[in-house]
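Working notes, beginning with the structure itself.
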Amino acid sequence: MALATRTDRRPSTTRTLWDSTVGKKAVMAVSGLIMLGYLVVHMMGNLKIFFGAQEFNAYGHWLRHIGEPFLHSHWALWAVRVVLLAAVAAHAVSAYQLSRRDIKARPVAYAHKRRRAGYATRTMRWGGVILGLFIVWHILDLTTLTVNERAWAGHPYENVLATFSTWYGNTLYITAMAALGLHIRHGFRSAAHTLGAGSARRDRTLKALANALALLLFAGFVSVPVGVMTGVVK
Amino acid sequence: MKLNLRVWRQQTPDAPGAMVTYEVDGVSRDMSFLEMLDTLNEDLIVRGEEPVAFDHDCREGICGACSLVINGEAHGPERTTACQLHMRSFRDGDTIDVEPWRAAAFPVVKDLVVDRSAFDRIIQAGGYITAPTGSAPEAHATAVPKPDADRAFEHAECIGCGACVAACPNGSAMLFTSAKVNHLGALPQGSPERETRVLDMVAAMDDEGFGGCTLTGECATACPKGIPLPSITAMNREWLRALRKGRAARD
C-alpha cells in the first residue's frame with residue numbers, strides 16, 4: 001500500500017513555521033531574545049540614576065530625540081515600542097498556544113507524584129504571566145504616569161524616586177525582577193536550543209551564560225529600588 | 001522479598017481505571033521486574049482473577065516493548081528497560097507504583113498496555129531511505145567518516161519504547177523523532193531525503209497530538225539507550241534549515 005506523501009504540495013514557509021511546534025517555539029525564542037536584548041540596554045540606562053537627577057533626566061530626554069534631526073522626535077522611540085509590542089504579542093501568543101497543546105498532550109497525570117525539572121523550568125508559565133502583568137503596571141507607573149505618586153512629566157528621576165518610596169512599588173518591582181531572573185535562566189538556554197545553537201559541548205557554556213545574564217539583569221534592575229531604599233539615590 | 005504493588009488496572013480503553021493494591025511474596029533479588037509481574041500473574045490466575053496485562057517481548061533490553069512507569073519513572077530507577085531492571089533495586093517491604101505510559105498520543109489499551117502506533121506513523125512519514133534494496137553493497141563503496149558513523153549509531157540505538165514521551169511533562173515525542181532524524185541525516189545514504197524527512201516527521205509528530213519541547217530534560221534522563229538531549233537541538237537546527245532550503249527551492 002502506498003502511503004500518501006507530503007511532498008506533493010507544501011504550505012507556505014510562514015504557515016509551516018507557525019503551525020509546527022518546532023516553528024512556533026522558534027518564534028517564541030526569537031521574540032524572547034529581542035526582549036532580552038532590549039532589557040540589557042534598559043538595565044544599563046537605568047544605572048545612570050546613580051549619577052544624579054540632571055544626568056538621568058537628560059538621558060530620558062535624549063531617548064525621545066534619538067536620530068534627530070534626521071528623524072522627527074519620538075520616531076525612534078516609537079519604532080522601538082512597535083518592535084517590542086510585536087515581540088511581546090508573538091511571545092505571549094506562541095507561549096499560550098504551545099502550553100495549551102502541551103497540557104492536552106498529557107491528559108492523565110501519574111498517580112506516583114515526583115518532582116520534575118528545576119524551579120526555573122517549572123515556573124516559566126506563571127512567571128511569564130507575572131511579567132506580563134508587571135509590564136502593564138510598569139508602563140502605567142513610569143511611562144504614562146497614570147498611577148505614579150509624583151507624576152511629574154519630563155522628570156523621570158523624581159518619578160522613579162516616588163515609586164520606590166512606596167512599599168508596594170518596591171514589592172511589585174523586586175518580585176517581578178526575581179521572576180525575570182528565573183525566566184531568563186531557563187528561557188535563554190531554551191531559546192538557544194530551540195534555534196539549534198546548542199550542542200552537548202556548548203550546553204555548559206549556555207547554562208553559565210544564561211545564569212550570568214539572569215543574575216546581571218536581576219542585580220542591575222534591583223540596584224535602583226535598593227539604592228532608593230538605602231538612601232544612595234535621593 | 002515481599003512487596004506491595006499498586007498497579008493500574010483498566011479493563012478497556014474507555015473504562016475508568018484505578019490503582020489496585022496487590023501483595024507479592026517470594027520475590028527473588030535476581031528476578032527482573034517483569035518476572036516479578038509474572039509471579040503476581042501466576043498468583044492471580046490461581047486465585048481465578050484476571051492477570052495484569054503488560055507489554056513485553058525480548059526481555060533483553062533491545063526490542064522496546066516493555067513500557068512501565070515504576071514509582072513515577074519510565075522504566076524505573078535504573079537507566080535501562082523494565083525487563084533489565086532487577087528486583088535488587090528495591091527493598092523488602094517496598095510499596096511500588098506501576099503505571100502505563102501517560103500521553104494523549106498513547107491511549108491505554110488495557111491495564112499497563114498502551115497503543116504506540118503513533119510512533120509507527122512518525123516513522124512512516126520519513127524514517128526511511130530510498131536506496132535500492134537487494135544484495136548488500138560493497139562495504140567500501142560509500143565512505144562514511146568515523147565521527148559520522150558514530151553519530152548515526154548513537155541515534156540508531158533508539159528502540160522506540162516511548163519512555164521519552166512517558167517521562168516528558170508535555171508528552172512530547174521530540175527525542176524519539178530526533179533520534180531517527182539524526183541517525184539517517186548523519187549518513188550519505190540518508191541525505192537525499194534530508195529536508196523532507198525532518199519536515200514530514202515533525203509534521204506527523206504534531207498530527208499525532210504529542211506536545212512540544214520545553215527543555216526539561218526528562219526524556220534524555222529516562223531514555224534507556226542514552227539518546228542525548230542535544231539531539232533535539234540538532235533536529236531543531238535541521239528543521240529550520242529545511243524550512244529555509246524549501247523556501248529557496250520554491251522561489
Side-chain angles (χ1 to χ4, degrees), chain A residues 1 3-7 10-14 16-17 19-26 28-29 94-95 97-118 120-122 124-125 186-187 189-203 206, chain B residues 6 8 17-19 69-73 96-99 102-105 108 124-126 165-174 196 198-200 202-206 209-218 228-241 243-244 246-247 250:
Chain A
M1 186 191 78
L3 286 157
T5 56
R6 295 162 190 274
T7 45
R10 283 188 186 280
S12 72
T13 308
T14 325
T16 313
L17 190 81
D19 284 350
S20 162
T21 50
V22 175
K24 204 166 279 185
K25 193 82 196 289
M28 203 162 135
S94 53
Q97 292 184 355
L98 285 170
S99 296
R100 278 282 300 265
R101 195 192 162 85
D102 292 347
I103 292 163
K104 237 174 80 181
R106 165 59 68 70
V108 184
Y110 289 110
H112 189 101
K113 296 276 174 281
R114 198 169 64 83
R115 175 144 293 183
R116 284 162 197 278
T121 312
R122 283 184 285 120
M124 284 306 274
R125 286 171 191 154
H186 180 77
R189 177 171 163 243
S190 211
H193 282 276
T194 301
L195 297 174
S199 68
R201 208 171 307 157
R202 245 177 285 165
D203 195 44
L206 280 173
Chain B
R6 298 205 312 145
W8 181 262
M19 296 296 274
V69 171
I70 301 159
N71 282 341
E73 289 181 274
I96 306 171
D97 290 338
V98 191
E99 297 172 76
R102 291 291 189 200
V108 173
Q124 283 172 339
V165 176
C168 178
N170 311 324
S172 172
M174 290 283 276
T196 52
V198 65
L199 290 174
D200 291 345
V202 167
M205 181 186 87
D206 285 346
F210 290 105
C213 178
T214 50
L215 208 76
T216 61
E218 294 283 346
L229 187 61
S231 300
I232 292 178
T233 317
M235 180 169 75
N236 289 334
R237 189 161 56 230
E238 280 292 300
W239 191 89
L240 291 167
R241 177 185 169 277
L243 197 68
R244 282 198 303 273
R247 185 180 191 162
R250 221 185 349 253

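To find a chain, count down the sequence lines: A is the first, B the second, and so on, and within it residues start at 1.
Taking all atoms of both residues into account, the shortest heavy-atom contact from V202(B) to S20(A) is CG1-OG, 3.6 Å. Across A105(A) and N170(B), no two heavy atoms sit closer than the pair CB-O, 3.1 Å. Smallest separation of non-hydrogen atoms from H193(A) and T233(B): ND1-OG1, 2.5 Å.
Neither the backbone nor the side chain of K24(A) comes within contact range of chain B; no heavy atom of the residue lies under 4.5 Å from a heavy atom of that chain. With a threshold of 4.5 angstrom between heavy atoms, R100(A) does not approach chain B through any atom at all. If you measure heavy-atom distances from L98(A) to chain B, you find no contacts under 4.5 Å at all. Neither the backbone nor the side chain of R122(A) comes within contact range of chain B; no heavy atoms are under 4.5 Å apart. Using a 4.5 Å cut-off between heavy atoms, L229(B) touches chain A through its side chain atoms alone. Interface residue A103(B): backbone and side-chain heavy atoms are both found under 4.5 Å from chain A. Residue contact with chain A, scored on non-hydrogen atoms closer than 4.5 Å, involves the backbone of V165(B) exclusively.
Note: A167(B) leads A167(B), A105(B), G217(B) in heavy-atom pairs under 4.5 Å with chain A. The most heavy-atom pairs under 4.5 Å with chain A, out of P228(B), A104(B), C168(B), come from A104(B). Taking A111(A), P107(A), A200(A) one by one and counting their heavy-atom pairs under 4.5 Å with chain B, the maximum is reached by A111(A). Across I232(B), T216(B), V108(B), N71(B), the residue that shares the most heavy-atom pairs under 4.5 angstrom with chain A is N71(B).
The backbone N or O of T21(A) sits less than 3.5 Å from a side-chain atom of D206(B), completing a donor-acceptor pair. Side-chain N or O atoms of D102(A) include none that pairs as donor or acceptor with a backbone N or O of G211(B) at under 3.5 Å. In this structure, R106(A) contributes its side chain and A166(B) its backbone to a donor-acceptor pair below 3.5 Å.
Residues forming a side chain to side chain contact (heavy atoms under 4.5 Å, CB included) with R241(B) (at least two apart in sequence, or on another chain): R194(B), E195(B), E238(B), R244(B), K245(B). A search for side-chain hydrogen bond (donor to acceptor under 3.5 Å, both in side chains) contacts involving H186(A) returns T121(A), not counting sequence neighbours.
Between W239(B) and L17(A), some side-chain heavy-atom pair lies under the 4.5 Å cut-off. A heavy-atom distance below 4.5 Å is not found between the side chains of M174(B) and K25(A).
Once rounded to the nearest 0.5 Å, the distance linking CD of E99(B) with NE2 of H112(A) reads 8.5 Å. One distance of note links OG1 of T214(B) with CZ of R125(A); it measures 6.5 Å at 0.5 Å rounding.
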